[in-house]
Protein chains: 2
Amino acid sequence: MEKKFEILEKCSLFRGTKAEDIENLLGNLHAAERKYPKGSFVLRQGDVTDSLGILTEGALRIVTEDFAGNRNIISEIEPGELFAEVFASVKEAVISVDVEAEADSRVTWIKVREILENGGEKLVTSLLGVIAGKNLMLNRKIEHLSRRSTREKLLSYLTYEMRRKGSRTFDIPFDRQGLADYLSVDRSAMSAELSRMKRDGLIDYRKSRFTLYGEGEFDEATGPSPDFPRNTAIHSAKAEKSGIIEGQFCNNFSGKR
Amino acid sequence: MEKKFEILEKCSLFRGTKAEDIENLLGNLHAAERKYPKGSFVLRQGDVTDSLGILTEGALRIVTEDFAGNRNIISEIEPGELFAEVFASVKEAVISVDVEAEADSRVTWIKVREILENGGEKLVTSLLGVIAGKNLMLNRKIEHLSRRSTREKLLSYLTYEMRRKGSRTFDIPFDRQGLADYLSVDRSAMSAELSRMKRDGLIDYRKSRFTLYGEGEFDEATGPSPDFPRNTAIHSAKAEKSGIIEGQFCNNFSGKR
DNA sequence: TTCCTTTCGTTGTAAAAACAACGTACTTTT
DNA sequence: AAAAGTACGTTGTTTTTACAACGAAAGGAA
């Protein structure tokens, strides 16, 4: 109990706020703590919630069910982590996953409305930033997943990492299985494709350290050259029809083209 | 000029706010209007912005450049549409697209900080809702794209639409090419797969009206049966390692498993 | 109606991926 | 140090997809 606010201090929502201030804040926000015995459901598919949750003790497990009825663990939640904030931020959004207590757990629930009304600018900024930041990550993932071949998926991902790290040689935060899962491809097939890409002189790698040999110049200090050769094909039928990353930037989700 | 606030009325950010109130609001928010001649750049890849934009006149075009340097049109923006709100909501987020004026255009720019400070609860709620809602859509798309085969992608998507419409028979908002683009598969291959699924008795369709024949009961009135057969395989290595929809629900983007 | 365009399904072929199985190298445990 | 476990690459086979090309059907415009 004494550690509770120290754990909350680690939550992305409260980044930069001291434990003692969090304590006051939670009072103003009418935060509610609930206990969940091991094996119980914290949230169920089909639920609607107006509160976001922060795990303060124990461990949770996010489980989905796909169209065939197979259940898959999406992720594990550890103390200090925020969850359900997206569903809580959309009116009447139906939760599409189950959240189960993997161990005896405690969750601090905060109503999003309370944050907006009484949380203060800093907290609201934080919440908005967390959700918008997740948005960027999802978009990036879609950009990779939209590629048709494993090679293209890999190049899309590796190019992104290269640009982010600002160097042709960089480390990735995945092992092979993790990367294959992230790109939704078969591990061994991906491994084979990596080999072929190395053979073709596109990349080099050892363990999780990759080097990408692009065509354009790449100044280690300044990032990708602005003169990187471009194949501008805006007016091709394919380009005009492509909805590759629809909604990445604006709000066109109508599905019409 | 006189129509300006009527156009803004249609913006998702101001849903439910009258044109006259918007006029006052924009003043308080120190909104700035800028003109962009046809062919000029509204935003460029690599930029950072602290303002979201609303197009009030003209037309914009969102263009990306992929790892190979090919430029693709992601979407077109019409008057009343919001854009760049996600990048503007994340501190120092680097914009990954170009925004070009397709015609002579006017954009109303609003600083996100102004919205948070002076926009009032309603506007902040709206902004948060828009971004969180987009988040849900992106997650859904990732769920479909993560499927390995075209058949699975289709079933994932069609099952979602079925549940959403609450009926085995439903219309989808895509034509074939649109659906293929959304699922990032080849149109003709998808068409062929749809035929096979029809042959196999999984689905039926005519034009954009589909019927899905699942195994479980499906009560037209009440939605999917809670007793839908489940194949719970939580403890399989595959399930435990799958990062299929990582970040859908919580904030595990570390990439580590 | 006739012509033209768009949409959709079909087919064959070449390319790519999934899958399963296995060997090796590297780590961790005992 | 030996044993056990894990991560990674490789290979061969089967399945699936992309791609290109084509024809039929539907819808619009002249």
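For the pair B:Arg147 CZ and D:dT16 P, the interatomic distance rounds to 16 Å; values are reported in whole Å. Summarising the geometry, the separation between CZ on B:Phe174 and P on C:dT7 is reported as 15 Å, rounded to the nearest angstrom. Rounded to an integer number of Å, the gap from A:Glu193 CD to D:dT17 P is 17 Å. Rounded to an integer number of Å, the gap from NZ of B:Lys153 to P of D:dT16 is 13 Å. B:Gln177 has its CD atom 13 Å from the C1' atom of D:dA18, to the nearest Å. Rounding to whole angstrom units, CG of residue A:Asp186 and C1' of D:dT16 are separated by 13 Å. For the pair A:Ile172 CD1 and D:dC8 C1', the interatomic distance rounds to 13 Å; values are reported in whole Å. If you measure from atom CG of B:Leu194 to atom C1' of C:dG9, you get 10 Å, rounded to the nearest angstrom.
Across D:dA18, D:dT10, C:dT11, the shortest atom-to-atom separation from the side chain of A:Ala192 is found for D:dT10. Distance from the side chain of B:Arg148 is smallest to C:dC19 among C:dA17, D:dT11, C:dC19. For B:Arg187, the side-chain atoms get nearest to C:dC8 when compared with the rest of D:dC8, D:dT17, C:dC8.
Within the 4.0 Å cut-off from OP1 or OP2 of D:dG9, not a single side-chain nitrogen or oxygen of A:Ser195 is found. Note on B:Arg196: every side-chain N or O is 4.0 Å or more away from OP1 and OP2 of C:dG9. Note on B:Arg176: every side-chain N or O is 4.0 Å or more away from OP1 and OP2 of C:dT7. A close approach under 4.0 Å does not occur between any side-chain nitrogen or oxygen of A:Ser191 and OP1 or OP2 of D:dC8.
At a threshold of 4.0 Å, the pair A:Lys38-A:Asp104 does not count as salt-bridged, since none of the basic side-chain nitrogens sits closer than that to a carboxylate oxygen.
The only option from B:Thr169, B:Asp204, B:Asp171 that meets the side-chain hydrogen bond (donor to acceptor under 3.5 Å, both in side chains) definition with B:Arg209 turns out to be B:Asp171.
Contact record, B:Lys153 with B:Arg148: NZ-O, 4.0 Å, taken as the closest heavy-atom pair.
At a cut-off of 3.5 Å, with distance as the only test, no side-chain donor of B:Arg168 or B:Tyr213 sits close to an acceptor on the other residue.
Between A:Ala189 and B:Lys207, the one whose closest nucleotide on DNA chain D sits nearer the 5' end is A:Ala189.
A side-chain donor-acceptor contact under 3.5 Å links A:Asp66 to the backbone of A:Ala68.
Within the nucleic acid shown, A:Ser149 comes within 4.0 Å of sugar-phosphate atoms alone, with no base atom in reach, counting heavy atoms only.
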